[in-house]
Trainee: 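Structure provided below as structure tokens; questions to follow.
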4 protein chains.
Amino acid sequence: MIRAAVAGASGYAGGEILRLLLAHPDIEVGAMTAGGNAGERLGSVHPHLTPLAGRRLEETTVDVLAGHDVVFLALPHGHSADLAAQLPADVVVIDCGADFRLESAEAWTEFYDTHHAGAWPYGMPELMTAVGRETGKQRSVLAGARRIAVPGCYPTAVSLALAPGLAAGVLTPEDVVVVAASGTSGAGKGLKPHLLGSEVMGSMSPYGVGGVHRHTPEIEQNLSRAAGSPVTVSFTPTLAPMPRGILATCTARLAPGTAAAAVRSVWEQAYADEPFVHVLPEGQWPRTADVVGSNNVHIQVTVDERVGRVVVVAAVDNLTKGTAGAAIQCANLALGLDETTGLPRAGVAP
Amino acid sequence: MIRAAVAGASGYAGGEILRLLLAHPDIEVGAMTAGGNAGERLGSVHPHLTPLAGRRLEETTVDVLAGHDVVFLALPHGHSADLAAQLPADVVVIDCGADFRLESAEAWTEFYDTHHAGAWPYGMPELMTAVGRETGKQRSVLAGARRIAVPGCYPTAVSLALAPGLAAGVLTPEDVVVVAASGTSGAGKGLKPHLLGSEVMGSMSPYGVGGVHRHTPEIEQNLSRAAGSPVTVSFTPTLAPMPRGILATCTARLAPGTAAAAVRSVWEQAYADEPFVHVLPEGQWPRTADVVGSNNVHIQVTVDERVGRVVVVAAVDNLTKGTAGAAIQCANLALGLDETTGLPRAGVAP
Amino acid sequence: MIRAAVAGASGYAGGEILRLLLAHPDIEVGAMTAGGNAGERLGSVHPHLTPLAGRRLEETTVDVLAGHDVVFLALPHGHSADLAAQLPADVVVIDCGADFRLESAEAWTEFYDTHHAGAWPYGMPELMTAVGRETGKQRSVLAGARRIAVPGCYPTAVSLALAPGLAAGVLTPEDVVVVAASGTSGAGKGLKPHLLGSEVMGSMSPYGVGGVHRHTPEIEQNLSRAAGSPVTVSFTPTLAPMPRGILATCTARLAPGTAAAAVRSVWEQAYADEPFVHVLPEGQWPRTADVVGSNNVHIQVTVDERVGRVVVVAAVDNLTKGTAGAAIQCANLALGLDETTGLPRAGVAP
Amino acid sequence: MIRAAVAGASGYAGGEILRLLLAHPDIEVGAMTAGGNAGERLGSVHPHLTPLAGRRLEETTVDVLAGHDVVFLALPHGHSADLAAQLPADVVVIDCGADFRLESAEAWTEFYDTHHAGAWPYGMPELMTAVGRETGKQRSVLAGARRIAVPGCYPTAVSLALAPGLAAGVLTPEDVVVVAASGTSGAGKGLKPHLLGSEVMGSMSPYGVGGVHRHTPEIEQNLSRAAGSPVTVSFTPTLAPMPRGILATCTARLAPGTAAAAVRSVWEQAYADEPFVHVLPEGQWPRTADVVGSNNVHIQVTVDERVGRVVVVAAVDNLTKGTAGAAIQCANLALGLDETTGLPRAGVAP
């Protein structure tokens with residue numbers, strides 16, 4: 001049995017990693033560590049994780065984490081680099097934070113205003129598939145990796161929505177516009193007034209408007225890779241009255257000379273062999289509830305010929321495929337397991 | 001006391017008109033009519049309208065409606081024209097349906113596939129204010145009107161969001177992109193599987209994607225009037241897990257040569273004297289919960305200089321300012337009352 | 001124009017008082033005070049109160065509050081007594097806290113563990129009506145009062161549900177069992193992990209189980225007064241995934257010898273002349289959404305003959321009739337206005 | 001591989017059985033049948049069941065169902081008996097409907113008003129454990145069974161909450177009072193106005209008040225068995241604004257002479273060896289969100305000495321342990337598999 005430690009186990013991402021590991025046939029839960037909650041029963045912070053409820057959270061230290069085969073880091077941004085540097089090189093380290101996602105030090109500094117820690121192999125194997133130029137290559141990179149950066153939740157939805165069309169040249173890279181709605185767990189467990197239940201229930205609101213959300217450079221990095229040229233994105237995230245789920249509505253201009261009828265098949269072909277990314281039958285649109293708790297991405301595409309834009313909508317669970325599920329998927333690849341091992345392929349609806 | 005009848009009183013729009021009339025100092029509720037629910041106690045379909053609970057719904061006939069000073073029509077699309085034609089010319093008729101909103105018979109036929117009934121004065125006085133060219137003119141048209149078409153809910157949010165910038169030339173009329181989230185009451189009370197509570201709670205989903213939603217031509221009509229040239233819009237509506245409220249995220253390209261710093265004041269000036277449209281202080285973004293139950297529109301604007309787009313977000317209550325509140329506002333104008341009479345100016349939050 | 005100050009204006013109860021005052025024809029909003037939020041724009045804490053958004057919150061001091069005709073205290077429990085003692089005796093002071101609700105110093109000490117400040121006239125005129133023995137008496141007490149204690153939210157729902165039956169002797173005072181569900185605003189705006197949107201949406205949970213909730217002695221005080229003998233209550237509050245509303249399911253044993261068919265009319269008669277308490281038609285059960293934003297109480301009663309228990313269900317909006325609406329109602333009585341002035345008599349649904 | 005058919009696959013219970021089977025290591029999904037939806041892609045009614053989305057629903061006929069090792073019936077009440085009678089005797093038939101739950105033909109006729117089909121072994125192995133008198137016996141009955149009746153959702157929560165105390169004699173069997181809140185999926189997928197999202201969001205309401213809910217006799221049957229004497233229950237179900245979950249607040253009088261301090265351990269001991277029933281640590285109360293998607297029951301107990309009542313609160317997912325999870329658990333026992341095989345032991349939170 002492979003043993004995994006989870007650092008930052010008291011947060012939502014950490015809790016979701018634990019939930020998924022409980023159903024994983026080949027990985028067992030070792031140490032669970034936290035900051036302020038260290039010493040507490042796990043059941044006091046994650047009562048839903050019943051089988052682990054009686055176990056204690058430990059301090060997040062190298063000593064506690066080393067000695068596991070895999071270490072999942074689910075820490076606040078900026079806390080992964082130091083810890084990772086001290087973990088043995090042969091331990092598989094999967095970072096759910098942003099620290100190692102961006103290749104550009106400039107972009108990092110602009111959006112995070114701290115020192116750039118570098119970039120690790122990027123844990124979104126479907127992206128390269130979508131791109132189509134390098135089928136399989138990204139998976140082979142991850143297969144050998146001992147350090148993997150898990151993509152952000154919004155970048156997962158948006159990149160998988162737009163990459164096939166940009167790679168195939170049916171979308172123009174200029175003037176991409178994305179508006180995405182996220183469940184509140186995407187904002188974490190921090191005690192902020194606007195995250196109180198009384199404030200969020202029955203309400204929609206935008207935040208980080210005007211290109212200032214930190215996921216923007218990661219989205220652009222992915223889309224630029226897909227397009228083979230620089231892509232910038234107008235990205236507006238909104239907070240929706242639901243605990244989980246992201247619905248990303250993505251639009252880009254139809255490339256001149258592209259037949260509208262040929263558009264949808266680009267996505268169908270790109271994801272034909274992907275286990276987790278599903279282009280829905282024509283006319284059926286994604287709903288976040290359908291992917292909740294699963295590692296699935298549901299996608300639909302249409303062309304609005306009146307305005308010359310393609311609209312692609314993707315739904316993911318921000319905590320599963322958007323974070324913890326992707327982390328397990330990456331760990332599976334790194335450990336030589338089947339990529340889908342232990343990952344839910346059906347959502348929890350209604 | 002002015003007497004009002006409400007046709008289609010059993011639906012959500014009809015119920016909201018009644019709720020507002022109950023607090024109106026100058027208008028009293030006369031006949032309330034329905035289709036299938038005729039004969040029932042109002043309390044059996046709208047138990048929240050306690051003071052009217054014991055009264056009966058009547059059949060929707062000309063005889064029942066005539067003899068009132070004002071008649072509000074809250075009927076399914078396509079049912080207003082015949083009825084309105086038979087009502088006396090001096091009765092103020094306020095139509096909450098789509099029948100008389102579109103000036104273009106072509107657009108009507110394309111989106112509704114029936115005979116175009118014509119166009120009545122359009123009940124959005126703030127639109128012409130926003131445009132700035134004809135201050136006060138639209139209000140004077142409505143002041144003399146005996147037939148008024150109440151704008152649609154999405155068009156209200158989107159038009160008020162974008163009109164000032166288009167009119168002032170700081171937004172280019174090409175490539176406007178709108179993604180809007182609506183509460184479920186916007187879809188009405190019809191018994192459709194996807195509107196069940198089990199399906200909508202915890203879920204976001206798009207619908208009418210690709211420019212096929214019937215509010216599209218109305219939005220374009222308004223924006224074209226504001227811009228003074230044809231505007232087309234990529235419009236994607238989504239269904240959000242809340243009963244009321246619309247959050248419209250609207251983006252358009254910043255016109256070449258426009259200083260970003262000058263943008264926000266265009267909206268502030270356009271709505272400076274409007275009682276119901278409020279540009280929030282810089283940095284504060286609209287939340288739908290803040291306008292629920294009120295006739296307010298909350299708006300915020302910012303420039304995303306990286307991508308050359310302006311993002312405008314507007315929040316309205318789809319049932320109040322989006323329908324019934326606007327209907328009362330129009331009736332006030334038509335009847336020579338102060339435009340704001342009886343209309344809630346604070347939302348019901350949390 | 002009567003001028004009112006609101007102390008504790010930044011909380012949910014304070015915000016609701018302001019919302020109601022904005023629609024009150026005879027009272028205008030004077031000073032609004034707060035603790036930690038003093039100095040801020042009201043719009044930064046209550047963006048829904050659009051007409052007051054630009055005004056500033058002041059410090060909560062006697063100097064700021066004195067000089068108003070009415071002062072509403074919406075402070076944390078234990079903060080009203082000192083302040084009230086320093087306000088002029090002829091100012092109408094309406095306390096929304098618990099400080100002056102309990103007549104028994106013992107009960108106060110047991111549940112609040114501090115010094116008992118005393119008891120003010122209790123602002124639930126319908127209670128004495130329900131009791132039936134002293135019609136009108138309680139209203140006359142409130143009419144002359146310059147200090148009034150506003151009832152708690154749960155006690156409002158539970159007392160109005162059970163008082164008529166206890167007063168008429170159709171319910172036995174032994175073994176009353178109440179389970180009530182409350183919206184999250186009842187728990188206030190404090191930043192507690194279990195009140196985060198991610199935690200409350202999609203979840204029901206009990207709290208204060210086993211008779212330890214502080215509203216228990218107030219409920220028992222009211223019911224004992226109604227019964228004319230001591231009543232104890234098994235009271236279990238639960239937190240429901242909604243911002244507002246209380247649904248109180250109250251059961252008591254049918255008194256021996258009482259005909260089941262005679263039960264319902266006891267409630268109908270008790271509240272026949274009450275403007276805000278409504279016994280619904282037979283077979284129609286209260287829904288919290290129907291009273292949201294209004295000062296209404298919806299009640300239904302039935303007898304379960306198999307088990308010999310009467311079940312009474314009451315719905316109120318915890319912030320309106322449960323707090324701020326009752327406060328305005330009390331102020332109206334104290335100021336010699338019609339009791340219903342400015343109070344919403346229709347709920348905001350859907 | 002064991003092959004299972006699901007009759008009634010288009011409903012919520014049928015969908016949940018399929019979701020659980022997709023994660024079951026020893027049972028595979030065979031035929032999926034429906035009524036009105038027969039012929040449709042499963043993905044059109046259950047888009048969350050991604051791996052089965054492309055398969056078709058078949059007609060519900062004996063021919064289609066026979067030939068499987070297990071048949072799960074998730075049909076409307078009254079439809080199981082005929083079908084079951086025609087299935088081969090050696091096929092394991094698990095009925096999720098009410099048809100075979102009640103032993104008393106009288107009770108059946110009183111609450112269902114049709115012919116009583118009889119009683120099958122009752123699929124709640126934990127009940128007999130809780131009773132304590134016949135440990136293991138119920139499981140051995142189920143182990144040999146080819147016909148099993150799955151308990152109702154409310155009866156599962158209420159029976160497991162109260163049985164240990166009744167069996168141990170610390171609760172008196174007289175005057176049990178239960179108020180339970182259920183998510184809307186418990187009301188099924190039928191198109192009823194009160195189940196629309198606009199009606200249920202933000203609202204709590206009771207239904208079936210006064211002992212008329214059809215789960216009442218099943219609850220009483222279970223509790224009477226536990227108590228060893230007839231138990232009647234005042235049962236009030238309420239509809240809560242969430243898709244899944246039941247919170248049952250159950251109270252009964254503390255038996256005379258029972259020490260309050262001894263009460264809690266009765267439940268701890270009763271469920272010490274149960275894999276799915278968990279008595280939470282003292283002071284921690286169940287939340288429905290913590291059991292969503294899992295087969296767990298979370299229970300807490302306390303004594304309210306002031307009123308002489310014990311309060312027991314239980315949380316279950318109405319679709320999982322309340323229906324489909326129990327169905328799989330029964331099938332596991334009938335098929336000789338480990339009882340917990342394939343059943344989620346952690347909830348999906350937040």
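Just so you know, these numbers use all the heavy atoms, side chains as well, and skip hydrogens, waters and symmetry mates. Residue numbers begin at 1 in each chain, while the letters A, B, ... track the order of the sequences.
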Trainee: So do Val233(D) and Leu162(D) actually touch side chain to side chain, heavy atoms under 4.5 Å?
Mentor: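 With C-beta onward as the side chain, the pair stays apart.
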
Trainee: Using non-hydrogen atoms only, which part of Ser234(D) is less than 4.5 Å away from chain C: side chain, backbone, both, or neither?
Mentor: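 For Ser234(D), the contact with chain C is made by backbone and side chain together.
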
Trainee: Identify which part of Ala349(D) has an atom lying under 4.5 Å from any heavy atom of chain C, answering side chain, backbone, both or neither.
Mentor: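 Neither part; nothing is under 4.5 Å.
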
Trainee: Quick check for you: among Met201(C), Glu220(C), Gln300(C), Glu305(C), which has the greatest number of heavy-atom pairs under 4.5 Å with chain D?
Mentor: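 Highest number of heavy-atom pairs under 4.5 Å: Glu220(C).
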
Trainee: How are the rings of Tyr154(C) and His215(C) set relative to one another: parallel (under 30°), tilted (30 to 60°) or perpendicular (over 60°)?
Mentor: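 Tyr154(C) and His215(C): perpendicular rings.
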
Trainee: Side chains of Arg253(D) and Leu171(D): does their closest heavy-atom pair fall under 4.5 Å?
Mentor: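 Side chain of Arg253(D) against side chain of Leu171(D), heavy atoms only: no contact under 4.5 Å found.
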
Trainee: Return the orientation label for the His48(D) and His46(D) ring planes: parallel under 30°, perpendicular over 60°, tilted otherwise.
Mentor: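 Perpendicular, since the angle between the ring planes exceeds 60°.
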
Trainee: Check whether any side-chain heavy atom of Val212(C) sits under 4.5 Å from a side-chain heavy atom of Thr216(C), and report yes or no.
Mentor: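 The answer is no, as the side chains (C-beta and beyond) never meet within the 4.5 Å cut-off.
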
Trainee: If contact means a heavy atom pair closer than 4.5 Å, which residues of residues 191-198 of chain C contact chain D?
Mentor: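 Ser198(C), listed by number.
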
Trainee: Would you mind writing out the side-chain donor-acceptor pairs for residues 308-317 of chain D within the sub-3.5 Å range, not counting sequence neighbours?
Mentor:
from      : atom 1 : to        : atom 2 : distance (Å)
Arg309(D) : NE     : Asp175(C) : OD1    : 2.8
Arg309(D) : NH1    : Asp175(D) : O      : 3.2
Arg309(D) : NH1    : Thr251(D) : O      : 3.3
Arg309(D) : NH1    : Thr251(D) : OG1    : 2.8
Arg309(D) : NH2    : Asp175(C) : OD1    : 3.3
Arg309(D) : NH2    : Asp175(C) : OD2    : 2.7
Arg309(D) : NH2    : Asp175(D) : O      : 2.9
Arg309(D) : NH2    : Asp175(D) : OD2    : 3.3
Asp317(D) : OD1    : Leu319(D) : N      : 2.7
Asp317(D) : OD1    : Thr320(D) : N      : 3.3
Asp317(D) : OD2    : Arg244(D) : NH1    : 2.9
Asp317(D) : OD2    : Gly293(D) : N      : 2.7
Asp317(D) : OD2    : Thr320(D) : OG1    : 3.2

Trainee: Which atom names give the shortest non-hydrogen contact between Ala107(D) and Pro217(D), and what distance separates them?
Mentor: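 The pair with the smallest heavy-atom distance is CB-CB, 4.0 Å.
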
Trainee: Please flag which part of Gln284(D) lies under 4.5 Å from any non-hydrogen atom of chain C: side chain, backbone, both or neither.
Mentor: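 Neither part, no heavy atoms under 4.5 Å.
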
Trainee: Which one of Ser203(C), Ser205(C), Gly245(C) has the most heavy-atom pairs closer than 4.5 Å to chain D?
Mentor: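 With the most close heavy-atom pairs to chain D, the winner is Ser203(C).
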
Trainee: Given a strict heavy-atom distance threshold of 4.5 Å, which part of Val200(D) is in contact with chain C: side chain, backbone, both, or neither?
Mentor: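 Contact with chain C involves no heavy atom of Val200(D) at all.
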
Trainee: Among Phe235(C), Tyr207(C), Trp285(C), which residue forms the greatest number of heavy-atom pairs with chain D at distances under 4.5 Å?
Mentor: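 Option with the greatest count: Trp285(C).
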
Trainee: Is there a donor-acceptor contact under 3.5 Å linking the side chains of Asn318(D) and Thr323(D)?
Mentor: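 Thr323(D) and Asn318(D) do not have a side-chain donor-acceptor pair below 3.5 Å.
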
Trainee: Among Pro243(C), Pro206(C), Gly183(C), Ala181(C), who wins on heavy-atom pairs under 4.5 Å with chain D?
Mentor: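 Of the candidates given, the most pairs with chain D belong to Pro206(C).
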
Trainee: Are the side chains of Arg101(D) and Arg214(D) in contact, using a 4.5 Å heavy-atom criterion?
Mentor: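 No; the side chains remain at least 4.5 Å from each other.
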
Trainee: Can you tell me which of Thr249(C), Thr232(C), Leu239(C) forms the most heavy-atom pairs within a distance under 4.5 Å of chain D?
Mentor: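 That would be Thr249(C).
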
Trainee: Evaluate side chain to side chain contact (heavy atoms under 4.5 Å, CB included) for Lys321(C) paired with Val291(C), printing each intermediate quantity in order.
Mentor: CA-CA 9 Å; Lys321(C) 180 57 177 167; Val291(C) 297; over 6 Å; no

